[in-house]
Q: 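Before I ask anything, here is the structure I am working with.
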Amino acid sequence: MWAVDAQRRAGLALAAAAVLALALAAWRRRRRQRRSVREVLFFPSRPSCTEELLAEAAGPGAAAQPCPCPLPRGDCSLSRLLRRLLSARRSLEICLFAFSSPQLGRAVQLLHRRGVRVRVVTDAQYMGLRGSQIGRLRHAGIQVRHDQENGYMHHKFAIVDGRMLITGSLNWTTEAIQNNRENVLVVEDAEYVKPFLDEFERIWEEYNPINYRFFSKDNK
């Protein structure tokens, strides 16, 4: 009897060890598959057509037609930035000094139409310049708030789904993307994402339209 019990316990121990090994292997596999994003992008971005990428993001019901432009198709800093933005599923916070890139503007509108909550903070002086995407975003129904300060709202960052930070020297303008020496850091790390998200929320409340001042105190 004792020998039978010992064999049974040994069998149970072996089975438990096998289950533990399988669980550990599955955990390691999931961890490899879901590694935190760490990416650095440098600009200027080489010329590349992004129409296929944007058409794919528009969804299966969108009318996709081959782009006749002569630009090469391929990976570049702009396309990688677009992919990071288009990965949003729940929310996108954007805090930008200048925003005039048509490709990035279309990506943001696509996310809005897909049901992603998009909020934009920008600089009052630069949002009215010719070519700015801010008017188009507002027309599409996207929430936009701006400063009323003497200084510039000079931040340049975005937060995807509250977990991925996109920040750097790049203004989202065609000039900066195509001609300037710029950098963008993309990172999934709560230690860095949280301060930027807190800053966005602080500015968002500060720039609430109920706080706008259309006349100075001296003119009252």
Side-chain angles (χ1 to χ4, degrees), residues 27-59 67 71-122 133 137 142 153-201 203-204:
W27 176 80
R28 287 174 175 169
R29 185 164 57 251
R30 288 195 300 270
R31 187 178 181 184
R32 285 196 299 268
Q33 292 172 348
R34 183 64 181 85
R35 288 178 177 170
S36 297
V37 173
R38 299 281 192 278
E39 185 173 22
V40 178
L41 305 176
F42 291 108
F43 294 81
S45 181
R46 66 178 180 80
S48 180
C49 180
T50 58
E51 286 301 311
E52 183 176 342
L53 174 60
L54 290 167
E56 180 182 335
C67 180
L71 292 175
R73 276 67 171 165
D75 198 33
C76 63
S77 292
L78 176 58
S79 66
R80 289 161 69 184
L81 176 57
L82 282 167
R83 286 192 184 93
R84 294 303 183 190
L85 287 174
L86 292 168
S87 71
R89 294 294 178 266
R90 299 184 306 277
S91 63
L92 175 65
E93 281 76 39
I94 298 173
C95 198
L96 283 174
F97 175 60
F99 189 173
S100 65
S101 165
Q103 295 95 330
L104 293 171
R106 284 175 59 191
V108 172
Q109 291 184 62
L110 282 173
L111 291 171
H112 173 68
R113 289 199 294 270
R114 210 157 66 187
V116 174
R117 184 188 69 164
V118 179
R119 294 183 293 169
V120 179
V121 166
T122 191
Q133 292 291 308
L137 299 183
I142 294 171
M153 203 306 298
H154 211 244
H155 280 317
K156 306 170 188 71
F157 68 85
I159 303 166
V160 176
D161 289 339
R163 61 174 177 78
M164 182 166 63
L165 172 66
I166 301 172
T167 188
S169 67
L170 182 74
N171 274 307
W172 291 11
T173 67
T174 301
E175 175 70 19
I177 291 168
Q178 294 182 352
N179 299 317
N180 292 356
R181 295 287 179 185
E182 308 278 3
N183 64 83
V184 170
L185 174 67
V186 185
V187 60
E188 284 183 325
D189 189 322
E191 183 179 353
Y192 295 100
V193 174
K194 187 180 185 304
F196 278 87
L197 191 55
D198 289 345
E199 172 70 356
F200 182 90
E201 295 293 352
I203 296 175
W204 184 256

Q: To the nearest 0.5 Å, how far apart are CG in L96 and CD in Q133?
A: 11.5 Å
Q: Please tabulate, one pair per line, all N/O donor-acceptor pairs under 3.5 Å involving side-chain atoms of residues 40-47, not counting sequence neighbours.
A:
| unit_1 | atom_1 | unit_2 | atom_2 | d |
| --- | --- | --- | --- | --- |
| S45 | OG | S77 | N | 3.4 |
| S45 | OG | L78 | N | 3.1 |
| R46 | NE | D75 | O | 3.4 |
| R46 | NH2 | D75 | O | 2.6 |

Q: Can you find a pair of side-chain heavy atoms, one from D189 and one from R38, that are under 4.5 Å apart?
A: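 Yes - at least one pair of side-chain heavy atoms lies under 4.5 Å apart.
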Q: Taking atom OG of S36 and atom CE of M164, what is their separation to the nearest 0.5 Å?
A: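 Nearest 0.5 Å value for the OG-CE distance: 11.0 Å.
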Q: Examine distances only and state if a side-chain atom of S169 and a backbone atom of N183 form a donor-acceptor pair shorter than 3.5 Å.
A: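 Yes, S169 side chain to N183 backbone: donor-acceptor pair under 3.5 Å.
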Q: Keeping R90 on the side-chain end and G162 on the backbone end, is there a donor-acceptor pair under 3.5 Å?
A: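 No; zero donor-acceptor contacts below 3.5 Å.
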Q: I177 and side-chain contact (heavy atoms from CB on, under 4.5 Å): which single residue from L81, L170, N171 fits?
A: L170
Q: Could you tell me which residues satisfy side-chain hydrogen bond (donor to acceptor under 3.5 Å, both in side chains) with H112, sequence neighbours excluded, listed by chain and number?
A: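 Result, side-chain hydrogen bond (donor to acceptor under 3.5 Å, both in side chains) vs H112: none returned.
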Q: Once side-chain hydrogen bond (donor to acceptor under 3.5 Å, both in side chains) is applied, do any residues pair with E93, and if so which ones, sequence neighbours excluded?
A: R117, R119
Q: So how far is it from E51 CD to L54 CG, rounded to the nearest 0.5 Å?
A: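 It is 6.0 Å, given to the nearest 0.5 Å.
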Q: How many angstroms lie between atom CG of L165 and atom OH of Y192, to the nearest 0.5 angstrom?
A: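 Going from CG on L165 over to OH on Y192, the span is 10.5 Å.
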Q: Mind checking side-chain hydrogen bond (donor to acceptor under 3.5 Å, both in side chains) for R113 and listing every partner two or more places apart, or none if nothing turns up?
A: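 Per chain and number, R113 pairs via side-chain hydrogen bond (donor to acceptor under 3.5 Å, both in side chains) with no residue.
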Q: Would you compute the distance between atom CG of L111 and atom CZ of R89 and round it to the nearest 0.5 angstrom?
A: 8.5 Å
Q: For A158 versus L92, what's the shortest heavy-atom pair and its separation?
A: CB-CD1, 4.3 Å
Q: Kindly give the heavy-atom pair with the smallest separation between A107 and L82, and that separation in Å.
A: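 Of all heavy-atom pairs spanning A107 and L82, the closest is CB-CD2, 3.7 Å.
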Q: Nearest heavy-atom pair of P102 and T174: which atoms, and what distance?
A: CD-OG1, 3.5 Å
Q: According to side-chain hydrogen bond (donor to acceptor under 3.5 Å, both in side chains), who are the partners of Q178, at least two apart in sequence or on a separate chain?
A: none
Q: Quick one, R84 and V37 - any side-chain contact, counting heavy atoms below 4.5 Å?
A: yes
Q: Does some side-chain heavy atom of C95 sit less than 4.5 Å from a side-chain heavy atom of M153?
A: yes
Q: Between the side chain of S48 and the main-chain N/O of P72, is any donor-acceptor distance below 3.5 Å?
A: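 Side chain of S48 to backbone of P72: a pair is present.
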Q: Report yes or no: does T173 contribute a side-chain atom to a donor-acceptor pair with the main-chain N or O of A176 at less than 3.5 Å?
A: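 Looks like yes, one N/O pair under 3.5 Å.
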Q: Under a 4.0 Å N-O cut-off, is there an ion pair linking E52 with R73?
A: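 R73 and E52: not salt-bridged.
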Q: Walk me through it: do H155 and V121 pass the test side chain to side chain contact (heavy atoms under 4.5 Å, CB included)?
A: CA-CA 9 Å; H155 280 317; V121 166; over 6 Å; no
Q: Where does the angle between the aromatic ring planes of W204 and F200 fall among parallel (under 30°), tilted (30 to 60°) and perpendicular (over 60°)?
A: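 Answer is parallel, since the angle falls under 30°.
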Q: R83 and L53: which non-hydrogen atoms are nearest, and at how many Å?
A: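 Taking every non-hydrogen atom into account, CG-CD1, 3.8 Å.
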Q: Working to the nearest 0.5 Å, report the span between OG of S79 and CG of L86.
A: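 Spacing of OG (S79) from CG (L86) equals 11.0 Å.
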Q: So, using ring pair (Phe, Tyr, Trp, His ring centres under 6.0 Å) as the criterion, who are the partners of F97 when residues are at least two apart?
A: Y126, Y152, H154
Q: I'd like to know if the side chain of S91 reaches the main chain of V160, judged simply by a donor and an acceptor atom lying under 3.5 Å from each other, with no hydrogens or angles considered.
A: no
